[in-house]
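Notes follow the structure.
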Amino acid sequence: MNREDASDLLAFLAVARERSFTRAAAKLGMTQSALSQIIRNLEERLGVRLLNRTTRSVTPTQAGERLFVSVGPKFTEMDADLAALGELREKPAGTIRLTATEFAAGEILLPALQKILPKYPDIRVEVIIDYGLTNIVAQQVDAGIRPGELVARDMIAVRISPDLRMAVVGSPSYFAERKRPKTPQDLTHHNCLNLRLPTHGGSLYAWEFEKNGRELNVRVEGQLVFNSAGLLLDGALKGLGLAYLTEGHVQPYLSQGRLVRVLSDWCPPFSGYHLYYPSRRQPSPAFSLLVEALRYRGKSKTLSS
């Protein structure tokens, strides 16, 4: 079907539906004479009369009725399909792949998704738990969540949390048999729970401290090494050693007395979590919705406040 035939068929369907050239012309936004000429041209090309015209009414001929019944539903279906495509353009949909630490995913990402996903059932989110500095471009990940100071400068970074603090914690049973460390150097006499990072050659994470402008990175020793912050927390709760975790991660257990914090004066606040993604990325409606849901607008100083 060429473009002229399709346009003329739409004009015929309008007249057959309205049973009036006047009303059909008004709906199509053209003059009555122009519409009459279109119908005449269509009838000449098809070699059959499609409409009976009188001074009082317009009715389809037998051929016209057959054409109306067979072609009308097809154009209606196409209109519906085009409308559905328009909805997809405006309606957030699609899959978003994110990389985040376990704590950031549970405490920041999931609450935001709890507000979005029930309202937008066509959005799918895949969360990859990772403690390394994931190359989101190479790994075909849409965005990552990391502390702001770890985000590369060529990325767009959106702050999604207040500032963070780290905390060194152990259980009361652990400290019942050991002195509490007063400086980071004292950690050499303690059983520390290590975290192995998948990046940087799979090295163990060095505990970072700072006080009065003095920075220390301590390579701690211990009997256990994990690749999950959740297991670090469980190990500390069971008295197996000291853990180095974000303050928000351990705050509930500190309040309950199940964990004891040490070296807090060596753990100043640092840049909170940021959602980061490539600057060349063109955000989809679904991704833009997620960014707005995560964007931090609060005034509290730290995540545990």
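All heavy atoms count here, side chains included; hydrogens, waters and symmetry mates do not.
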So which heavy atom on [X] is nearest to which on [Y], and how close?
X	Y	result
Ala63	Arg49	CB-O, 4.0 Å
Leu263	Cys267	O-SG, 3.5 Å
Ser271	Arg159	OG-NH1, 4.1 Å
Leu28	Ala11	CD1-CA, 3.9 Å
Pro172	Gly257	CG-O, 3.4 Å
Val250	Ala167	CG2-CB, 4.0 Å

Do [X] and [Y] touch side chain to side chain, with heavy atoms closer than 4.5 Å?
X	Y	value
Leu50	Val48	yes
Leu51	Thr59	no
Pro181	Phe175	yes
Tyr276	Arg146	yes
Ile128	Leu98	no
Met166	Phe270	yes
Val168	Leu245	no
Val260	Arg180	yes

Worksheet entry | Within residues 256-265 or reaching into it, pairs that qualify as side-chain hydrogen bond (donor to acceptor under 3.5 Å, both in side chains) - sequence neighbours excluded |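 Of all non-adjacent pairs touching residues 256-265, those that pass side-chain hydrogen bond (donor to acceptor under 3.5 Å, both in side chains) are Lys211-Asp265, Glu247-Arg261.
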
Practice prompt. Provide the full list of side-chain hydrogen bond (donor to acceptor under 3.5 Å, both in side chains) pairs with a residue in residues 109-119, sequence neighbours left out, each pair given once.
Written response: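 Qualifying pairs, neighbours excluded: none.
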
Can you confirm whether [X] is buried at [atom1], in the sense that more than 12 heavy atoms of other residues, nucleotides or ligands lie under 6.0 Å from that atom?
X	atom1	result
Glu221	CD	no
Glu149	CD	yes
Glu292	CD	yes
Arg66	CZ	no
Phe226	CZ	yes

Worksheet item: What do the steps show when you test Ser20 against Val58 for side-chain contact (heavy atoms from CB on, under 4.5 Å), and what is the final call?
Response: CA-CA 6 Å; Ser20 166; Val58 177; 5.8 Å; no

From [X] atom [atom1] to [Y] atom [atom2], the distance as rounded to the nearest 0.5 Å:
X	Y	atom1	atom2	answer
Tyr296	Ile108	OH	CD1	10.5 Å
Asp8	Leu46	CG	CG	9.0 Å
Arg124	Ile96	CZ	CD1	11.5 Å
Lys27	Arg17	NZ	CZ	8.0 Å
His249	Glu107	NE2	CD	7.5 Å
Leu231	Leu224	CG	CG	9.5 Å

Fill in: Test side-chain contact (heavy atoms from CB on, under 4.5 Å) applied to Thr101 and Ile145, step by step
CA-CA 7 Å; Thr101 63; Ile145 297 177; over 6 Å; no

Worksheet item: Can you say whether the rings of Tyr273 and Phe103 are parallel (under 30°), tilted (30 to 60°) or perpendicular (over 60°)?
Response: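 Answer is tilted, since the angle falls between 30° and 60°.
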
Item to complete: Applying salt bridge (charged side-chain N to carboxylate O under 4.0 Å, His left out), name anything that partners Arg53, two or more places apart in sequence or on another chain.
Response: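 Salt bridge (charged side-chain N to carboxylate O under 4.0 Å, His left out) list for Arg53, sorted by chain: Glu43.
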
Worksheet item: Knowing that exactly one of Ile123, Leu110, Leu290 qualifies, which makes a side chain to side chain contact (heavy atoms under 4.5 Å, CB included) with Leu117?
Response: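 Going through the options one by one, the only one that passes is Ile123.
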
Worksheet item: Name the one of Leu232, Leu242, Leu254 that satisfies side chain to side chain contact (heavy atoms under 4.5 Å, CB included) with Val169?
Response: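 Between Val169 and the candidates, side chain to side chain contact (heavy atoms under 4.5 Å, CB included) is satisfied uniquely by Leu254.
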
Under 3.5 Å: donor-acceptor pair, side chain of [X], backbone of [Y]:
X	Y	value
Arg196	Ser203	no
Asp130	Thr99	no
Ser171	Leu259	no

Partner set under side-chain contact (heavy atoms from CB on, under 4.5 Å) for [X], not counting sequence neighbours:
X	value
Gln223	Asn191
Val220	Leu187, Cys192, Asn194, Trp207, Val218
Arg214	Gln185, Leu216, Trp266

Discussion item. Looking only at the side chains, is there a donor atom on one of Glu102 and Ser228 sitting less than 3.5 Å from an acceptor on the other?
Written reply: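 Side chains of Glu102 and Ser228: pair found under 3.5 Å.
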
Worksheet item: Any chance the side chains of Tyr174 and His190 put a donor and an acceptor closer than 3.5 Å?
Response: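 Per modelled atom types, Tyr174 and His190 side chains form a pair under 3.5 Å.
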
Practice prompt. Look at Lys179 together with Asp186 and state whether they make a salt bridge at an N to O cut-off of under 4.0 Å.
Written response: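 Looking at Asp186 together with Lys179, the answer is no, because their closest N to O distance does not fall below 4.0 Å.
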
Practice prompt. Let me see the working for Val69 and Glu65 under side-chain contact (heavy atoms from CB on, under 4.5 Å), right down to the final yes or no.
Written response: CA-CA 6 Å; Val69 171; Glu65 184 66 27; 3.6 Å; yes

Practice prompt. Check the pair Val125 / Thr95 against side-chain contact (heavy atoms from CB on, under 4.5 Å), numbers first and verdict last.
Written response: CA-CA 6 Å; Val125 179; Thr95 299; over 6 Å; no

